[in-house]
Enquirer: 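Below you will find the structure I want to go over with you.
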There are 2 protein chains.
Amino acid sequence: MGATKTIHFTAEQNTLATLSKAIGHPARVAIIEYLLKVNTCICSDIVEELPLAQPTISQHLKELKNAGLIKGNVEGNAICYCIEEAGIEKLKNYFADLANTLAIQKNQCC
Amino acid sequence: MGATKTIHFTAEQNTLATLSKAIGHPARVAIIEYLLKVNTCICSDIVEELPLAQPTISQHLKELKNAGLIKGNVEGNAICYCIEEAGIEKLKNYFADLANTLAIQKNQCC
DNA sequence: TAGTTATATTGCAATATTACAATAAACTTT
DNA sequence: AAAGTTTATTGTAATATTGCAATATAACTA
């Protein structure tokens with residue numbers, strides 16, 4: 001055993017889990033925040049910015065890309081990464097709905 | 001190596017990563033959604049609901065509790081679990097702010 | 001073309017996560 | 001008290017993640 005039993009859950013549940021998991025690491029939070037800060041999308045000065053080795057950051061970028069939270073365009077010999085709005089939007093909406101439903105129910109428990 | 005280098009990141013980044021990581025598993029998404037659905041907070045009929053063994057679910061509940069996404073009250077020999085609004089609220093706000101900043105910047109890249 | 005720059009891949013070690021059977025702990029009911 | 005119910009813990013196996021050095025790949029520059 002040891003592998004997540006994705007088959008048993010809905011596509012929506014798996015999608016949200018994948019997105020959340022992708023942000024579930026401080027380095028990846030830092031990458032997203034850096035991309036947001038520099039606005040104009042920057043390649044890997046991120047390596048300069050974070051206390052991690054280049055291969056490690058490359059790996060984190062790959063995970064964020066796979067999850068649909070960032071996208072990358074080749075630009076000369078560099079790669080221009082930036083935030084993929086759709087992914088952030090999904091997370092925003094999910095938690096907004098969740099919080100909203102909770103508020104309506106007035107959390108009448110415990 | 002292999003352990004996350006939490007020390008190098010801000011408390012906010014680590015907090016968000018912890019919260020996100022906690023939802024980063026479909027079973028835990030399913031648990032949150034079940035707790036939301038039944039409203040009145042239910043103990044572990046969750047075991048009946050999910051295709052996972054009782055110890056596995058107990059473990060997932062523990063992680064959600066540690067992350068601050070659910071809370072549990074002892075009620076006789078059972079435990080009444082329910083959603084911890086504060087945790088959901090943090091996630092909601094974070095992603096709302098993120099999406100908002102993105103919208104303002106018009107995502108002018110790539 | 002040789003050198004430089006930017007990024008990805010590979011291989012590996014350390015650690016964490018996921019899942020479950022078996023068992024324990026704590027309370028309820030009979 | 002004995003039996004049942006509910007949840008947590010322990011131990012263990014399988015798998016995944018994190019991180020990096022070394023190396024590869026690709027494009028640009030001189």
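As the structure is a prediction and not an experimental result, all values here were calculated from the model. Convention: sequence-line order gives letters A, B, ...; per-chain numbering from 1.
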Enquirer: Does OP1 or OP2 of C:dT7 have a side-chain N or O of A:Lys62 closer than 4.0 Å?
Expert: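 Checking C:dT7 against A:Lys62, no side-chain N or O comes under 4.0 Å of OP1 or OP2.
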
Enquirer: Under 3.5 Å, is there any donor-acceptor pair linking the side chain of B:Gln54 to the base of D:dA8?
Expert: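 Indeed there is one.
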
Enquirer: Would you say C:dA19 has OP1 or OP2 under 4.0 Å from some side-chain N or O of B:His60?
Expert: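 B:His60 to C:dA19 OP1/OP2: side-chain N or O found under 4.0 Å.
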
Enquirer: Could you check how far CG of A:Leu52 sits from P of C:dA14, rounded to whole Å?
Expert: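 It works out to 19 Å between those atoms.
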
Enquirer: Report the distance from atom CD1 of A:Ile57 to atom CG of A:Leu64, rounding to the nearest 0.5 Å.
Expert: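 The CG atom of A:Leu64 is 11.5 Å from CD1 of A:Ile57, to the nearest 0.5 Å.
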
Enquirer: Between the base of C:dT5 and the side chain of A:Asn77, is one N or O donor paired with an acceptor at under 3.5 angstrom?
Expert: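 It does, because a donor-acceptor pair links the side chain of A:Asn77 to the base of C:dT5 below 3.5 Å.
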
Enquirer: For the pair B:Phe9 and A:His25, name the ring-plane relationship: parallel under 30°, tilted 30 to 60°, perpendicular over 60°.
Expert: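 Because their plane-to-plane angle is over 60°, the rings of B:Phe9 and A:His25 count as perpendicular.
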
Enquirer: Does C:dA8 have OP1 or OP2 under 4.0 Å away from a side-chain N or O of A:Tyr81?
Expert: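 Answer is yes, contact under 4.0 Å.
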
Enquirer: Below 4.0 angstrom from OP1 or OP2 of C:dT17, is there any side-chain N or O of B:Lys21?
Expert: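 Yes.
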
Enquirer: Would you mind reading off the distance between A:Gln59 atom CD and C:dA8 atom C1', rounded to a whole angstrom?
Expert: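 Spelled out: CD on A:Gln59 to C1' on C:dA8 is 11 Å.
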
Enquirer: So does B:Ala11 get a backbone contact from the side chain of B:Thr15, meaning a donor-acceptor N/O pair under 3.5 Å?
Expert: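 Checked: pair present.
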
Enquirer: Between atom CG in A:Leu61 and atom C1' in D:dG19, what is the gap in whole Å?
Expert: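 For the pair A:Leu61 CG and D:dG19 C1', the rounded distance is 14 Å.
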
Enquirer: Using whole Å, what does the distance between atom P of nucleotide C:dA25 and atom CD1 of B:Ile79 come to?
Expert: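 Rounded to the whole Å, the gap is 16 Å.
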
Enquirer: Does C:dT18 have OP1 or OP2 under 4.0 Å away from a side-chain N or O of B:Thr56?
Expert: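 Checking C:dT18 against B:Thr56, no side-chain N or O comes under 4.0 Å of OP1 or OP2.
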
Enquirer: B:Leu50 has an atom CG; how far is it from atom P of C:dC20, in whole Å?
Expert: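 Distance, rounded to whole Å: 11 Å.
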
Enquirer: Starting at the 5' end of DNA chain C and moving along, which residue's nearest nucleotide shows up first, A:Thr6 or A:Pro55?
Expert: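 Result: A:Pro55.
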
Enquirer: Grab the CD1-C1' distance between B:Ile57 and C:dA21 for me, whole Å please.
Expert: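 Nearest whole value for this atom pair: 15 Å.
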
Enquirer: Quick one: on DNA chain D, does A:Pro51 or B:Ser58 contact a more 5' nucleotide (nearest heavy atom)?
Expert: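 Mapping each residue to its closest nucleotide by heavy atoms, the 5'-most match is B:Ser58.
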
Enquirer: Starting at atom CD of A:Glu63, determine the distance to atom P of C:dT7, rounded to an integer number of angstrom.
Expert: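 So the CD-P distance, A:Glu63 to C:dT7, works out to 18 Å.
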
Enquirer: In whole Å, what is the span from the CD1 atom of B:Ile46 to the P atom of D:dT6?
Expert: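 In whole Å, D:dT6 P lies 13 Å from B:Ile46 CD1.
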
Enquirer: Report yes if some heavy atom in the side chain of B:Phe95 is under 4.5 Å from a heavy atom in the side chain of A:Ile23; otherwise report no.
Expert: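 Touching, per the 4.5 Å side-chain cut-off.
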
Enquirer: Rounded to the nearest 0.5 Å, how far apart are CG of B:Leu91 and CD of B:Glu89?
Expert: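 The distance works out to 10.0 Å.
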
Enquirer: Reckon A:His25 has a side-chain N or O less than 4.0 Å from the OP1 or OP2 of D:dG19?
Expert: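 Result: yes.
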
